[in-house]
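Just so you know, these numbers use all the heavy atoms, side chains as well, and skip hydrogens, waters and symmetry mates. Position 1 is the first residue of the sequence; numbering continues from there.
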Amino acid sequence: MNSTGLFAATLLIGLGYSAVAMAEPVSMDRAEKLYDTYCAQCHGMSRNGKGINTVGLSVQPRDHTDTKAMSDLPDDQIRLVIEEGGLAVNKSILMPAWGEAMSAEEITAMVSYLRKVCKCGN
């Protein structure tokens with residue numbers, strides 16, 4: 001195999017490895033950090049909907065610690081609102097879409113993390 005062929009084979013193996021690595025589940029620790037980065041400003045460090053950006057909002061963010069309210073939401077709806085924003089589920093336009101900022105695996109982990117926060121399981 002010449003050097004060009006070797007380079008191409010190495011590149012393909014590397015790309016294949018990256019695709020496999022990206023498909024691995026995201027840890028709860030990583031999901032918690034994502035929440036702190038993208039969600040806590042509005043939903044609060046206590047996850048109760050009382051973040052620092054809520055002053056003056058006409059619609060208050062969801063309280064993710066509310067077991068009853070969170071239990072009533074199907075996982076698909078939680079996933080959709082994270083990925084596409086509040087308008088995707090007829091909620092506040094102030095809830096941004098995070099589908100460009102988070103991978104599908106990260107959004108899946110975020111749904112599981114929110115189930116942990118609300119103590120409402122899957």
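- Salt-bridge annotation for Lys68 and Asp63: absent, with no side-chain N of the basic residue lying under 4.0 Å from a carboxylate O of the acidic one.
- Side chain of Thr54 to main chain of Lys50: no donor-acceptor pair is present (N/O by atom type, distance under 3.5 Å, no hydrogens or angles).
- Val117 and His64 make their closest contact through CG1-O, 3.5 Å (heavy atoms, listed as atom of the first residue, atom of the second, distance).
- For the residue pair Ala31 and Ala109, the shortest heavy atom distance occurs at CB-O, 3.7 Å.
- Once rounded to the nearest 0.5 Å, the distance linking CD1 of Ile52 with SG of Cys42 reads 8.5 Å.
- Here CD1 of Ile78 is found 12.5 Å from CD1 of Ile107. Values are rounded to the nearest 0.5 Å.
- Checked by atom type and distance alone, the side chain of Arg30 never pairs as donor or acceptor with a backbone atom of Pro25 at under 3.5 Å.
- Formation of a donor-acceptor pair under 3.5 Å by the Glu32 side chain with backbone atoms of Asp29 is not found in this model.
- What you find for Met70 and Arg115 is that their closest heavy atoms are O-NH1, 2.7 Å.
- Contact annotation: the side chain of Ile82 approaches that of Val111 to within less than 4.5 Å [non-hydrogen atoms, C-beta and beyond].
- For the pair Ser92 (side chain) and Leu94 (backbone), a donor-acceptor distance under 3.5 Å is present.
- At distances below 3.5 Å, not a single donor-acceptor pair connects side-chain atoms of Glu100 with backbone N or O atoms of Ala97.
- The aromatic rings of Trp98 and Tyr38 sit tilted relative to each other, their planes meeting at an angle between 30° and 60°.
- In summary, the side chains of Tyr35 and His43 do not present any donor paired with an acceptor at a separation below 3.5 Å, with no hydrogens or angles considered.
- Hydrophobic clustering, with ILVMFWY side chains joined whenever heavy atoms are under 4.5 angstrom apart, keeps Met95 apart from Leu57.
- In terms of heavy-atom proximity, Gln41 sits nearest to Asp36 at NE2-O, 3.7 Å.
- Put simply, NZ on Lys119 and OG on Ser71 are 12.0 Å apart, with the number rounded to the nearest 0.5 Å.
- Cluster membership check: Val81 does not share its hydrophobic cluster with Val59, using side-chain heavy-atom separations under 4.5 Å among Ile, Leu, Val, Met, Phe, Trp and Tyr.
- Closest non-hydrogen pair, Ala104 versus Arg79, comes out as O-NH1, 3.8 Å.
- For the atom pair CG (Leu80) and CG (Asp75), the distance works out to 12.5 Å, reported to the nearest 0.5 Å.
- From Arg62, atom CZ reaches atom NZ of Lys91 across 6.0 Å, with rounding to the nearest 0.5 Å.
- Here the closest non-hydrogen pair linking Met45 and Ala40 is SD-CB, 3.5 Å.
- Applying the disulfide bond (SG atoms under 2.5 Å apart) rule to Cys118 yields the partners Cys120; only residues at least two apart in sequence or on another chain are considered.
- Of the N and O atoms on the side chains of Tyr113 and Arg47, at least one donor lies less than 3.5 Å from an acceptor on the other residue.
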